[in-house]
2 protein chains.
Amino acid sequence: MTIGSLAEATQTRVETVRWYEKVGLLPPPARSSGNYRLYGPEHLRRLSFIRRGRALGFTVEQIRDLLALADDRERSCGEVDIIARAHLADVERKLADLTRLASELREVIGQCGCGSVADCRIIEALSPLGEPA
Amino acid sequence: MTIGSLAEATQTRVETVRWYEKVGLLPPPARSSGNYRLYGPEHLRRLSFIRRGRALGFTVEQIRDLLALADDRERSCGEVDIIARAHLADVERKLADLTRLASELREVIGQCGCGSVADCRIIEALSPLGEPA
DNA sequence: CCTTGACCCTGTAGTGACTACAGGGTGCAT
DNA sequence: ATGCACCCTGTAGTCACTACAGGGTCAAGG
């Protein structure tokens, strides 16, 4: 399997696959006589894991930890649970922030009568001292 | 007003103020005899505008546009409205993504009985081929 | 007068997670 | 033999800052 097929199979860019190798998420594969990377099913599994983790919003660092834990099949998965819960808490914080943000934006936009900039409620809302900058 | 006082007044880091100047959001202020930056109320207004925009999640590029529009007080604020609505749409897209993400994460975490990694539902959920990586 | 410490200056490099080349080599079909 | 798609390495760019390193300035205290 060349890097192109692996990338296609996992919906990843070729450059990203090489980058995962460089930062140590994906082990260096064998090389062909022409120095092409040659991947096997284990690489496909590992890269799929990485991509799924990224799609769930885990950082590369968290995925590195999860991979290390996943490799040790006897271990209790308490640490996995901790990482996942920490990430969920993080996502929920961002969610709350964005929700507040969206409602603030909607309010600002709703007040705009679209007259001249001098009377624009959006500009005004951005200028805490009461006057446009 | 030195850069330190301006930074404090706007809840900004000193380095960030200098960075806004470097990228052209904040005009270069006068300098003291000892080459210190000296800011006036206009700078305070402008920086407050920038910070408020950032707090509402506008990109620096969008704020640059908003500032240019705000400076032209006769102009219709239709363009301001367009920028703000585009940003709101963006925020709402992210909100939807994060909401989906959070529920997926909650589901994954809920299934974890915290036994060994070999049976961990979290690890399993990350491994689309059915086996841990 | 000297020193201490808080503040300021410029410039560069680092963050996260890639992305985008530049400049070249490989492999296969025509 | 030539074209083309693919691959290689290495470097620089993205965004919005942040963190120094290595120095200069200023006011107060001794």
Side-chain angles (χ1 to χ4, degrees), chain A residues 1-26 28-39 43 46-67 83 86-87 90-91 94 97-98 101, chain B residues 1-26 28-39 43 46-67 83 86-87 90-91 94 97-98 101:
Chain A
M1 208 177 197
T2 65
I3 197 169
S5 336
L6 180 69
E8 200 184 357
T10 54
Q11 303 280 67
T12 313
R13 283 172 191 268
V14 166
E15 292 95 336
T16 305
V17 177
R18 285 196 283 251
W19 183 78
Y20 285 153
E21 179 181 330
K22 198 163 91 175
V23 299
L25 277 194
L26 208 52
R31 297 289 184 126
S32 76
S33 61
N35 201 29
Y36 284 19
R37 285 171 179 83
L38 293 177
Y39 296 96
H43 285 102
R46 201 168 173 99
L47 181 52
S48 299
F49 185 102
I50 294 167
R51 293 305 282 177
R52 176 103 179 101
R54 289 293 299 134
L56 285 174
F58 286 94
T59 66
V60 161
E61 233 19 67
Q62 287 172 323
I63 292 171
R64 197 191 305 278
D65 292 347
L66 288 173
L67 278 168
I83 293 174
H87 177 44
D90 200 47
V91 167
K94 280 185 187 134
D97 284 356
L98 267 189
L101 196 62
Chain B
M1 207 177 197
T2 65
I3 197 170
S5 336
L6 181 68
E8 201 185 356
T10 54
Q11 302 279 67
T12 313
R13 284 175 190 266
V14 166
E15 291 94 338
T16 306
V17 177
R18 284 196 283 252
W19 183 77
Y20 285 152
E21 179 181 330
K22 198 163 92 175
V23 299
L25 277 194
L26 208 51
R31 297 290 183 125
S32 76
S33 61
N35 202 29
Y36 284 19
R37 287 170 178 84
L38 294 178
Y39 296 96
H43 285 102
R46 202 169 173 98
L47 181 52
S48 300
F49 186 102
I50 295 167
R51 294 304 283 176
R52 176 104 179 99
R54 289 293 299 134
L56 284 174
F58 287 94
T59 66
V60 161
E61 233 20 67
Q62 288 172 323
I63 292 171
R64 198 190 304 280
D65 292 347
L66 288 173
L67 278 168
I83 293 174
H87 177 44
D90 200 47
V91 167
K94 280 185 186 135
D97 284 356
L98 268 189
L101 197 62

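Quick caveat: nothing in here was measured; it's all calculated off a predicted structure. The figures that follow rest on heavy atoms only: side chains count, while hydrogens, waters and symmetry mates do not. Lettering of chains follows the sequences in order, A, B, ..., and the numbering in each one begins at 1.
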Determine whether a donor-acceptor pair (N or O, by modelled atom type, separation under 3.5 Å) exists between the side chain of B:Thr12 and the backbone of B:Thr16. no
D:dC15 P sits how many Å from B:Ile50 CD1, rounded? 17 Å
Quick one: A:Phe58 CZ to C:dA17 P, roughly how many Å, whole number? 13 Å
Out of D:dA16, D:dC26, C:dA17, which has the shortest distance to the side chain of A:Trp19? C:dA17
Expressed in angstrom and rounded to an integer, what is the separation of B:Arg64 atom CZ from D:dA16 atom C1'? 12 Å
Euclidean distance, atom CZ of residue B:Arg51 to atom C1' of D:dA16 [Å, nearest integer]: 10 Å
Check whether any side-chain N or O of A:Tyr20 sits under 4.0 Å from OP1 or OP2 of C:dC18, and answer yes or no. yes
Is B:Glu61 paired with B:Arg64 through a side-chain N to carboxylate O contact shorter than 4.0 Å? yes
Here the distance between atom P of C:dG16 and atom CG of A:Leu25, to the nearest Å, is 13 Å
A:Gln11 CD to C:dT19 P, in whole Å, measures 13 Å
A:Arg54 side chain vs A:Phe58 backbone, donor-acceptor pair below 3.5 Å: yes
If the cut-off is 4.0 Å, is B:Thr16 near the phosphate of D:dT18, judged by side-chain N/O to OP1 or OP2? yes
Pair A:Leu98-A:Leu101, side-chain contact (heavy atoms from CB on, under 4.5 Å): steps then yes or no: CA-CA 5 Å; A:Leu98 267 189; A:Leu101 196 62; 3.8 Å; yes
Mapping B:Val60 and B:Ser32 onto DNA chain D by nearest heavy atom, which one lands closer to the 5' end? B:Val60
Do A:Arg51 and A:Tyr20 have side-chain N/O donor and acceptor atoms under 3.5 Å apart? yes
Are the side chain of B:His43 and the backbone of B:Leu6 linked by a donor-acceptor contact shorter than 3.5 Å? no
Does the protein touch nucleotides 3-11 of chain D at the base, only the backbone, or not at all? Give it as B, S and - per nucleotide, heavy atoms under 4.0 Å. ---BSSB-B
